[in-house]
**Q** 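The structure that follows is given in the form of structure tokens.
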2 protein chains.
Amino acid sequence: MKGRPNIHRDEELVHKAQQLFWERGYSATSLSDLSKATGAGAGSLYNTFKGGKKELFRRSLQERREALHAFERDVENSDNPVALLKAFFLGIADADTEAHLRGCIVANTVVEMTFVDRELEAEAMQLLQDTEALYTTIIRDAQKKGTIKSRQPADVLGKYLITFWCGINSLRRIYPDRDILKQQIALQLQMID
Amino acid sequence: MKGRPNIHRDEELVHKAQQLFWERGYSATSLSDLSKATGAGAGSLYNTFKGGKKELFRRSLQERREALHAFERDVENSDNPVALLKAFFLGIADADTEAHLRGCIVANTVVEMTFVDRELEAEAMQLLQDTEALYTTIIRDAQKKGTIKSRQPADVLGKYLITFWCGINSLRRIYPDRDILKQQIALQLQMID
DNA sequence: TTAGTATTGTAATGATTACTACAAAAGTAA
DNA sequence: TTACTTTTGTAGTAATCATTACAATACTAA
């Protein structure tokens, strides 16, 4: 290995950038904001992430894709994926107020980037669709096993859940309140009883 | 009346600005964009709307409040408000692709403006809450009349519907498809049967 | 040491931002 | 006409934007 050693780990830079993007979105986050938050100068950021601000944002989305993969693995190793899914949704209510106000960076990006940046919009959209596909798979398997009694097609229920995901991430901004959210989530999860 | 006559009607300026804001959001819409779209120079826009870009955006939200009031009047004059509400939701599916991709300017604003502009966030948030309050009133009245059989508290069902409103406005971006949307809307409306 | 290499922070770049100063334009009232 | 008023488009303003040029830095390899 040659050259001056890295002072920042790429992962940490992306994580700190992601926090800013998650709160303020892409357009309202300036490179000066990112430089301050990460502690890395503009030169460093551009040397590390060749695509600049946009690449940094892409990496922030990719981190969410890894989170999705982690959840997929949890589902594969579980003997009750539906319970896992329900626990995931119910757990949202226990997050702190800041997390409620942030919502979901993927859903936020779809809203912000439509008509603004096709690439970022498409990547976020794909992430939502892949999440939906996971929901659908979980439901289909559970219907075969008889764990879910609803006769509604699995893909319809999958779309129902991704709709709910986007919806609850708006509701928690309006009502960052544990009890209200718990009640709403429990109510909506009845659909996959 | 004195002075040089207006060449643009305020209403039309707001409407054209609203179309841009609705598509691209607040931050990604520049004053130069607004000037081109409205046909009015920057000087004219600032002379007409003293608060500049932000005031123009506020007026765009106010127009949506007027739309809410119009819907409130429809409800008051209707002998079956629940049918009106269901028709409103089902009608979303029939919109064109552009409208699907735009979503709801109010819900979009809540997402974009949290942590960015408290005032605009608060105004959009209030608009969503007022919409929710209308849903709740419609449901409460229908429960009294026996039109809705669900014993779920009216305010819980109201929150359910505003969650669905935000959710469906994300789903229609992913699937700007009449049939898929019709099915999802019909499914979710079963909750207020 | 010495040469080579990659990262760092700073300072500049040119473009774009929201906004404003201002004079010309276009009307009314006397 | 003349005086007055308001709107209009243009040409600025200062600030901020994303990006880059570059020299100093800090390491490895020889």
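On a predicted model such as this, the values are computed, not experimentally measured, just so you know. All chains are named by letter (A, B, ...) in the order of the sequence lines, taking the proteins before the strands, and each is independently numbered beginning at 1. What you see below is based on every heavy atom in this structure, not just the backbone, and it leaves out hydrogens, waters and symmetry mates.
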**Q** How many Å lie between CG on B:L34 and P on D:dG9, as a whole number?
**A** 15 Å

**Q** Check this one for me: any side-chain N or O of A:S44 less than 4.0 Å away from OP1 or OP2 of C:dG9?
**A** yes

**Q** Whole-Å distance between D:dT19 C1' and A:L56 CG?
**A** 14 Å

**Q** Once you measure the plane-to-plane angle for B:F89 and B:Y135, does it fall in the parallel (<30°), tilted (30-60°) or perpendicular (>60°) bin?
**A** tilted

**Q** If you count heavy atoms of other groups shown closer than 6.0 angstrom to NE2 of B:H69, is the number above 12?
**A** yes

**Q** Roughly how many Å is it from NZ in B:K36 to P in D:dG9, rounded to a whole number?
**A** 15 Å

**Q** Tell me, for nucleotides 20-28 of chain C in 5' to 3' order, what letter each nucleotide earns: B for a base near a protein heavy atom under 4.0 Å, S for only sugar-phosphate near one, - for neither?
**A** B---BBBBB

**Q** With a non-hydrogen cut-off below 4.0 angstrom, is A:N47 in contact with a base, only sugar-phosphate, or nothing?
**A** base

**Q** In whole angstrom, what separates A:F49's CZ from D:dT19's P?
**A** 14 Å

**Q** Looking at A:E132, A:Q152, A:Q188, which hits side chain to side chain donor-acceptor pair (under 3.5 Å) with A:Y160?
**A** A:Q188

**Q** By nearest atom, which of the nucleotides D:dG9, C:dG9, C:dT17 is closest to the A:H8 side chain?
**A** C:dG9

**Q** Among B:Q143, B:K144, B:K145, which one satisfies side-chain contact (heavy atoms from CB on, under 4.5 Å) with B:T147?
**A** B:K145

**Q** Is the closest basic N to carboxylate O distance between A:E98 and A:R102 below 4.0 Å?
**A** yes

**Q** Could you check A:T29 against B:L45 and say which one's nearest nucleotide on DNA chain D is further toward the 5' end?
**A** B:L45

**Q** In residues 18-26 of chain B, which residues come under 4.0 Å of DNA chain D by heavy atom?
**A** none

**Q** To the nearest angstrom, how far is A:K53 atom NZ from D:dT20 atom P?
**A** 14 Å

**Q** Who else is in B:V111's hydrophobic cluster (ILVMFWY, side-chain heavy atoms under 4.5 Å, direct or via others)?
**A** A:V111

**Q** Over how many whole Å does the gap from A:R9 atom CZ to C:dT7 atom C1' extend?
**A** 17 Å

**Q** Compute whether any side-chain donor of one residue and acceptor of the other, for B:S44 and B:N47, lie under 3.5 angstrom apart.
**A** no

**Q** Could you go through A:D130 and A:Q126, starting from their C-alpha distance and side-chain angles, then the distance that decides it, and tell me whether this counts as side chain to side chain donor-acceptor pair (under 3.5 Å)?
**A** CA-CA 6 Å; A:D130 293 345; A:Q126 190 60 54; 3.1 Å; yes

**Q** Answer yes or no: is there a side-chain heavy-atom contact under 4.5 Å between B:E119 and B:K54?
**A** yes

**Q** What integer distance in Å separates A:K54:NZ from D:dT20:C1'?
**A** 19 Å

